[in-house]
Asker: 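I have a structure I would like to understand better, so I am pasting it below and will then ask my questions one at a time.
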There are 2 protein chains.
Amino acid sequence: MNTQRRAKRDLTIEEVVDRAMEIAQTDGERGLTMRRVAEACGVTTMAIYHHVADKEALLTAVVDRVVAEAIADFGAADRPWRDDLVEFLCRYRAGFLEHPTAAQVYLRRPVISASLARCTELMFEAFENAGLEGRRVTDATDAVVLLLMGAIGNDLTRPPAVRHELTQALPAEAAPRLNRDIDAYSHRDPEARFRESLDWLLDGLLAAD
Amino acid sequence: MNTQRRAKRDLTIEEVVDRAMEIAQTDGERGLTMRRVAEACGVTTMAIYHHVADKEALLTAVVDRVVAEAIADFGAADRPWRDDLVEFLCRYRAGFLEHPTAAQVYLRRPVISASLARCTELMFEAFENAGLEGRRVTDATDAVVLLLMGAIGNDLTRPPAVRHELTQALPAEAAPRLNRDIDAYSHRDPEARFRESLDWLLDGLLAAD
DNA sequence: ACCTGAACACCGTTCAAGT
DNA sequence: ACCTGAACACCGTTCAAGT
């Protein structure tokens, strides 16, 4: 809570994003207000608007940070393309799960950023290296992106306790299978589920002509 | 814009949800405020709180409506289980795409409701009918739900024009494949992509022991 | 160019009161 | 039980002004 007056030209966009990510981490999306960011930067609310067009632009910068970290060393390891892609997607998913506010923004609205463009380029490249051609490359990327976004959204908002509550929304006799299998369905390892789903998807798409 | 005073006991929770869905449809999530709902119901803002605990509860009721419509006649048609499941998931996806505000809520936070519990029961049943057993049933449901949520999120927030903008976030030479394939990637039929991805996923999971 | 301070037009919700 | 009216504690953002 730095209340000292700052020298001019001292505040940078990088620092604004840093503080925004810290606040998002501790207080979530509702706690991430322009007023709080300004306070954390030791500056008036309106000073933030000098470094960022509006709140949405700040949120886009936060999402870009998360993506940038996830794609940082894609392709660095020496292993088959499929392992490389799977590990990349897992890191991507994990990165957003560690930054729930960024994930909410990523899922809720369009996000255009340099890191996201780079990320798409990398996925096209991965499927090209796998021997796919033309539409097969973009269709495969499409499929993988759908599963990825779903895993982020689901694993972020449906932890075990939430899934478990489903049984209470209906009388037990109206949902016999749900009540019988709810423990297997709710108390599972989300990353393992994502990995297996991804394996099935890749198996299916590679088996198709 | 009914400004007449209403008789007491006249307003029902169903009407509140009706008005909320209309407002969400025309003005989106930002336009859906408690004040606007009350106005549309011809009642004071605080009168709404007599029928609903808070705004979140109202949003949950809106989501439940959308799910209820999607699952209405699941299993009614006489066809193989797989076709039945695929058509069901497509209707589910389409239902949320027709109600973007409901989709946003569905993706952003936990939603517990009777229709959602029923929906899970139906998916368990479908995979049981397909011959899966034990963990295979819940794991298959898990996989399909991930893809479903991802398709809703992606197709809602990433229309062709948005995907196309990706090319402008990076200099052309930094993303050669993206620039070459962007048209195939952005201007595609989202439902067709969902169907094919789902086919690949089901192929893969049925092929696994 | 960078920052301040006051104000505007909103929110969801609490609380006390009416009938 | 059902609804009203005023108020509270917030938001993001505009605008005019300082240095």
Side-chain angles (χ1 to χ4, degrees), chain A residues 1-24 26-63 101-102 104-105 108-111, chain B residues 1-24 26-63 101-102 104-105 108-111:
Chain A
M1 228 64 69
N2 178 9
T3 49
Q4 275 177 253
R5 181 79 124 287
R6 296 187 65 116
K8 282 193 180 191
R9 299 176 164 269
D10 196 12
L11 186 61
T12 64
I13 173 67
E14 281 76 25
E15 185 181 347
V16 173
V17 177
D18 284 342
R19 296 294 89 75
M21 292 195 74
E22 288 167 8
I23 294 167
T26 56
D27 299 335
E29 192 174 7
R30 294 193 51 170
L32 181 54
T33 69
M34 297 302 266
R35 283 169 166 87
R36 292 259 294 123
V37 172
E39 185 192 23
C41 291
V43 113
T44 307
T45 304
M46 292 317 300
I48 302 298
Y49 284 85
H50 201 269
H51 297 89
V52 86
D54 53 19
K55 191 182 180 183
E56 292 301 291
L58 176 56
L59 291 175
T60 296
V62 168
V63 171
T101 300
Q104 314 266 37
V105 175
R108 168 177 77 228
R109 63 165 173 86
V111 181
Chain B
M1 229 63 70
N2 178 10
T3 49
Q4 275 177 253
R5 182 81 123 288
R6 300 186 64 117
K8 283 194 180 188
R9 299 177 164 270
D10 196 12
L11 185 61
T12 63
I13 173 68
E14 281 76 24
E15 186 182 348
V16 173
V17 177
D18 283 343
R19 295 296 88 77
M21 291 195 74
E22 289 166 7
I23 293 167
T26 57
D27 299 335
E29 192 174 8
R30 293 194 51 169
L32 180 54
T33 69
M34 298 301 267
R35 284 169 166 87
R36 292 259 294 124
V37 172
E39 186 192 24
C41 290
V43 111
T44 307
T45 304
M46 291 318 299
I48 302 299
Y49 284 84
H50 201 270
H51 297 89
V52 85
D54 53 19
K55 191 182 181 183
E56 292 300 291
L58 176 56
L59 291 174
T60 296
V62 168
V63 171
T101 301
Q104 313 266 40
V105 175
R108 169 177 74 227
R109 64 164 173 88
V111 182

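Convention: sequence-line order gives letters A, B, ...; per-chain numbering from 1.
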Asker: Using 4.0 Å as the upper bound for N to carboxylate O, is an ion pair formed by B:Glu15 and B:Arg19?
Answerer: yes
Asker: Which nucleotide wins on minimum distance to the side chain of B:Asp54, given the candidates C:dT13, C:dG5, C:dG12?
Answerer: C:dT13
Asker: Need to verify one output field. Residue with the more 5' nearest nucleotide on DNA chain D, A:Met46 or A:Gly31?
Answerer: A:Gly31
Asker: Report the distance from atom CZ of A:Arg36 to atom C1' of D:dT13, rounded to the nearest whole Å.
Answerer: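 For the pair A:Arg36 CZ and D:dT13 C1', the rounded distance is 19 Å.
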Asker: Does the side chain of A:Met34 come within less than 4.5 Å of A:Val52's, by heavy atoms?
Answerer: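 Yes, close enough: below the 4.5 Å cut-off.
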Asker: In the structure I gave you, are the side-chain heavy atoms of B:Val37 and B:Leu32 within less than 4.5 Å of one another anywhere?
Answerer: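 Result yes, sub-4.5 Å side-chain heavy-atom pair found.
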Asker: What is the distance from CG of A:Asp27 to P of D:dC11, rounded to the nearest Å?
Answerer: 11 Å
Asker: With a 3.5 Å limit on both atom pairs, tell me what D:dG18 is paired to, counting Watson-Crick and G-U wobble, or say none.
Answerer: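 Answer to the pairing question: C:dC2, which forms a Watson-Crick or G-U pair with D:dG18.
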Asker: If you check every side-chain atom of B:Thr33, which of D:dT13, C:dC3, C:dC11 has the closest atom?
Answerer: C:dC11
Asker: Roughly, in whole Å, what's the span from NE2 in B:His51 to C1' in D:dC3?
Answerer: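 So the two atoms are 9 Å apart, to the nearest Å.
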Asker: Between D:dG12 atom P and B:Arg30 atom CZ, what is the distance in whole Å?
Answerer: 11 Å
Asker: Specify the separation, in whole Å, of atom NE2 of B:His50 and atom C1' of D:dT4.
Answerer: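 The distance from NE2 of B:His50 to C1' of D:dT4 comes to 12 Å, rounded to the nearest Å.
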Asker: Given atom OH of A:Tyr49 and atom P of C:dC8, what is their separation to the nearest angstrom?
Answerer: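 It works out to 17 Å between those atoms.
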Asker: Closest-nucleotide mapping onto DNA chain C: is A:Arg35 or A:Thr45 further toward the 5' terminus? I mean the 5' end.
Answerer: A:Thr45
Asker: Between C:dA1, D:dT4, C:dT13, which one does the side chain of B:Val43 approach most closely?
Answerer: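 Side chain of B:Val43 sits closest to D:dT4.
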Asker: Separation of B:Glu15 atom CD from D:dC3 atom P, in whole Å?
Answerer: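 After rounding, the gap between these two atoms is 10 Å.
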Asker: Would you say B:Arg109 and B:Leu59 make side-chain contact, with heavy atoms under 4.5 Å?
Answerer: yes
Asker: So does B:Arg108 pair up with A:Glu29, basic N to acidic O under 4.0 Å?
Answerer: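 Salt bridge: no.
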Asker: Between C:dT4 atom P and A:Asp10 atom CG, what is the distance in whole Å?
Answerer: 11 Å
Asker: Using a 4.0 Å heavy-atom cut-off across all strands, classify B:Met34 as base, sugar-phosphate, or nothing.
Answerer: sugar-phosphate
Asker: Taking any strand in view, what nucleotide pairs with C:dA7 in a Watson-Crick or G-U wobble way, both distances under 3.5 Å?
Answerer: D:dT13
